[in-house]
Amino acid sequence: MTDISEPDFGAQKSERGCCAPSSPSGRLVLAQDAIDLPRREPSSAVRGRMVEFSAASFLMGTDTSEGFPEDGEGPVREVFLDPFAIDRYPVTNELFGQFVESTGYRTDAERFGWSFVFWAHVPRRKFSALVEDTVAAAPWWCKVKGAAWKAPEGPGSNVSERQNYPVVHVSCADAANFAAWSGQRLPTEAEWEYAARGGLVQKLYAWGDKMRPDGKHMCNIWQGEFPQHDTGEDGYAGTCPVDAFPPNGFGLYSMAGNTWEWCADWFDTEFHRTADRHNPQGPPQGSRRVMKGGSFLCHKSYCNRYRVAARTSNTPDSSASNIGFRCAL
């Protein structure tokens, strides 16, 4: 990381520039996503905000030329799933606030005292005061002291007008603890992808193969020149309400763009090639968890990981202004 007062991007651009950065080793949580809270039974209210699925099979992964084979997106393979349910929406600030109020839980970002914020969302007048450092390879990511789920841009910001937005600045451990409190769990990558496809077979996106059918924006991603200027043509230059765009064929919202979503699987680019294809769980161990869905920082010109088969990863303790989650059962 490099110390600067305001980012100088030059010609820098990365095909992973929009992916959330990993926390440095000094913040690493060695206990593997330890769940500190007792697991409860899901209430009728929890079940009511979920979509249920019968046992099913589907074609997972992709071999498209638009993909990133180095991420382990392929090969296309038939996967079999037992019945499960998944949240209709990502977990919102309102829901996460209820969890915190009920339990007194403190997120990793709160305990460590900082989280990553995209540079353009840090108030200019406070930039030098709030930004302690930036990521050398991606200086648009700023280490902001005091940034956390209830203060997404650092001290002075809040979520009072963003109750129906996805909660961000949550680590995988935070997500797992929320799930224990609500009587749920994180979805496996296979469950997440099946749900995201909305009943479509081997389509690029959650709604089909055309990015903007009839010229209509279908998700919250980047428009403009990254990372300097997001024009917000889709209506947003940052996160948006979880129901801002149409649902997929299964009635699920925000399965593309907006925020990355944690999955339960450890990340590996080869394990799935020979693994059991009945309820695949991912490798038995690892150092990074799978994330799916892309975020408001993705764009086709450098990172089109808002495709349903796309995948990335991060260390379980990492948090940023474009990472959220939804739960399964």
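Values in this document were obtained by computation on a predicted structure and should not be read as measured data.
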Task: Verify same cluster id: Trp192, Phe58 (apolar side-chain graph, 4.5 Å) - done: yes
- [ ] Locate the shortest heavy-atom distance separating Ser321 from Trp141; write the atom from each residue and the value.
- [x] OG-CZ3, 3.6 Å
Task: Passing option when Lys143 is tested against Asp133, Leu130, Thr134 for side-chain contact (heavy atoms from CB on, under 4.5 Å) - done: Asp133
Task: Interatomic spacing from CE in Met291 to SG in Cys172 - rounded to 0.5 Å - done: 9.5 Å
Task: Glu41 side chain to Ser182 backbone, donor-acceptor under 3.5 Å - done: no
Task: Residues which pass side-chain hydrogen bond (donor to acceptor under 3.5 Å, both in side chains) with Thr259, listed by chain and number, not counting sequence neighbours - done: none
Open item on the list: Counting C-beta onward and ignoring hydrogens, is there a side-chain heavy-atom pair between Val201 and Leu59 closer than 4.5 Å?
Closed with: yes
Task: Arg39 side-chain N/O to Gln184 backbone N/O, donor-acceptor pair under 3.5 Å - done: yes
TODO: State yes or no: do Phe84 and Tyr253 share one hydrophobic cluster built from I, L, V, M, F, W and Y residues joined by side-chain heavy-atom distances below 4.5 Å, directly or via other members?
DONE: no
Open item on the list: So for atom CD, which belongs to Glu78, do other residues, nucleotides or ligands contribute more than 12 heavy atoms lying within a distance under 6.0 Å?
Closed with: yes
TODO: Identify the heavy atoms of Val91 and Cys327 that sit nearest to each other, and give their distance.
DONE: CG2-SG, 4.4 Å
Task: Gap separating the CG atom of Asp174 from the CZ atom of Arg111, nearest 0.5 angstrom - done: 7.5 Å
Task: Same apolar cluster (I L V M F W Y, side chains within < 4.5 Å links), Tyr165/Val168 - done: no
TODO: Search all heavy atoms of Asn258 against all heavy atoms of Thr239 and return the closest pair with its distance.
DONE: OD1-CA, 3.3 Å
TODO: Kindly compute the distance separating CE (Met60) from CD (Gln202), expressed to the nearest 0.5 Å.
DONE: 11.0 Å
Open item on the list: Testing the basics here: between Asn248 and Ala206, what is the closest heavy-atom pair and its distance to 0.1 Å?
Closed with: CB-O, 3.5 Å
Open item on the list: Return the CG to CZ distance between Leu252 and Arg197, rounded to the nearest 0.5 Å.
Closed with: 14.0 Å
Open item on the list: Within this structure, what is the CG-OG1 distance for the pair Asp71 and Thr269, rounded to the nearest 0.5 Å?
Closed with: 8.5 Å
- [ ] Please examine the side chains of Phe271 and Pro280, heavy atoms only from C-beta on, and report whether any two atoms are closer than 4.5 Å.
- [x] no
Task: Heavy-atom side-chain proximity of Trp140 to Phe226 below 4.5 angstrom - done: yes
TODO: Evaluate the criterion side chain to side chain contact (heavy atoms under 4.5 Å, CB included) for residue pair Cys303 and Trp222; output intermediate values, then yes/no.
DONE: CA-CA 10 Å; Cys303 174; Trp222 186 278; over 6 Å; no
Open item on the list: Quick one, Ser102 with Trp181, criterion side-chain hydrogen bond (donor to acceptor under 3.5 Å, both in side chains). Give me CA distance, side-chain angles, the key distance, then yes/no.
Closed with: CA-CA 9 Å; Ser102 173; Trp181 171 78; 3.2 Å; yes
- [ ] Report the C-alpha separation of Asp108 and Ser319 in whole Å, then their side-chain angles, then the decisive distance to 0.1 Å, and conclude whether the side chain to side chain contact (heavy atoms under 4.5 Å, CB included) test is met.
- [x] CA-CA 8 Å; Asp108 280 340; Ser319 62; 5.8 Å; no
- [ ] Indicate, with yes or no, if Trp119 and Trp114 share a hydrophobic cluster defined by side-chain heavy-atom contacts under 4.5 Å among Ile, Leu, Val, Met, Phe, Trp and Tyr.
- [x] yes
Task: Face-on cation placement of Arg289 at Trp266 ring, 6.0 Å and 45° thresholds - done: yes
TODO: With the side chain counted from C-beta on, respond yes when Phe325 and Leu186 share a heavy-atom pair under 4.5 Å apart, and no when they do not.
DONE: yes
Task: Close side-chain approach of Arg212 and Met218, heavy atoms under 4.5 Å - done: no
Task: Tyr205 and Trp207 aromatic ring geometry - parallel, tilted or perpendicular at 30°/60° bounds - done: parallel
Task: Short side-chain to backbone donor-acceptor contact, Asn164 and Asp243, under 3.5 Å - done: no
TODO: Just do the side-chain hydrogen bond (donor to acceptor under 3.5 Å, both in side chains) check on Thr231 and Gln223 with the steps written out, would you?
DONE: CA-CA 6 Å; Thr231 64; Gln223 293 91 39; 4.5 Å; no
TODO: Run the salt-bridge test on Glu66 and Arg307 with the 4.0 Å N-O cut-off and return the result as yes or no.
DONE: no
- [ ] Please answer whether the main-chain N or O of Pro152 pairs with a side-chain N or O of His169 as donor and acceptor at a distance below 3.5 Å.
- [x] yes
Open item on the list: Given 3.5 Å as the limit, does a donor-acceptor pair link the side chain of Trp262 with the main chain of Val170, or not?
Closed with: yes
- [ ] Locate the shortest heavy-atom distance separating Gly238 from Asp230; write the atom from each residue and the value.
- [x] N-OD2, 4.5 Å
Task: Close side-chain approach of Asn177 and Tyr105, heavy atoms under 4.5 Å - done: yes
Open item on the list: Would Lys300 and Met211 count as a side chain to side chain contact (heavy atoms under 4.5 Å, CB included) here? Give the steps.
Closed with: CA-CA 10 Å; Lys300 185 176 182 178; Met211 185 64 223; over 6 Å; no
- [ ] Enter the distance from Leu81:CG to Arg277:CZ here, rounded to the nearest 0.5 Å.
- [x] 13.0 Å
Task: Mutual orientation of the aromatic rings belonging to Phe96 and Trp149 [parallel < 30°, tilted 30-60°, perpendicular > 60°] - done: perpendicular
Task: Under 3.5 Å: donor-acceptor pair, side chain of Asp209, backbone of Lys203 - done: no
TODO: Given side chain to side chain contact (heavy atoms under 4.5 Å, CB included), test Phe245 with Asp234 step by step and report yes or no.
DONE: CA-CA 10 Å; Phe245 294 90; Asp234 56 19; 4.1 Å; yes
Open item on the list: Less than 4.5 Å apart, side chain to side chain, heavy atoms only: is that true for Pro42 and Met50?
Closed with: no
TODO: Group every Ile, Leu, Val, Met, Phe, Trp and Tyr by side-chain heavy-atom contacts under 4.5 Å, then state whether Phe250 and Tyr306 land in the same group.
DONE: no
- [ ] Measure the shortest side-chain to side-chain distance between Phe118 and Asn322 over non-hydrogen atoms and say whether it is less than 4.5 angstrom.
- [x] no
- [ ] Quickly, which of Glu261, Glu191, Glu193 forms a salt bridge (Lys or Arg N to Asp or Glu O under 4.0 Å) with Lys292? Name it, please.
- [x] Glu193
Task: With Glu189, the side-chain hydrogen bond (donor to acceptor under 3.5 Å, both in side chains) member among Gln281, Arg311, His272 - done: Arg311
Open item on the list: Looking at Arg326 and Asp87, would you say the former's side chain and the latter's main chain have a donor-acceptor pair under 3.5 Å?
Closed with: yes
Task: Distance-minimising heavy-atom pair for Val144 and Glu153 - done: CG1-O, 4.1 Å
Task: Heavy-atom donor-acceptor pair, Asp276 side chain to His278 backbone, under 3.5 Å - done: yes
TODO: Please confirm whether Phe53 and Tyr194 have ring centers closer than 6.0 angstrom.
DONE: yes
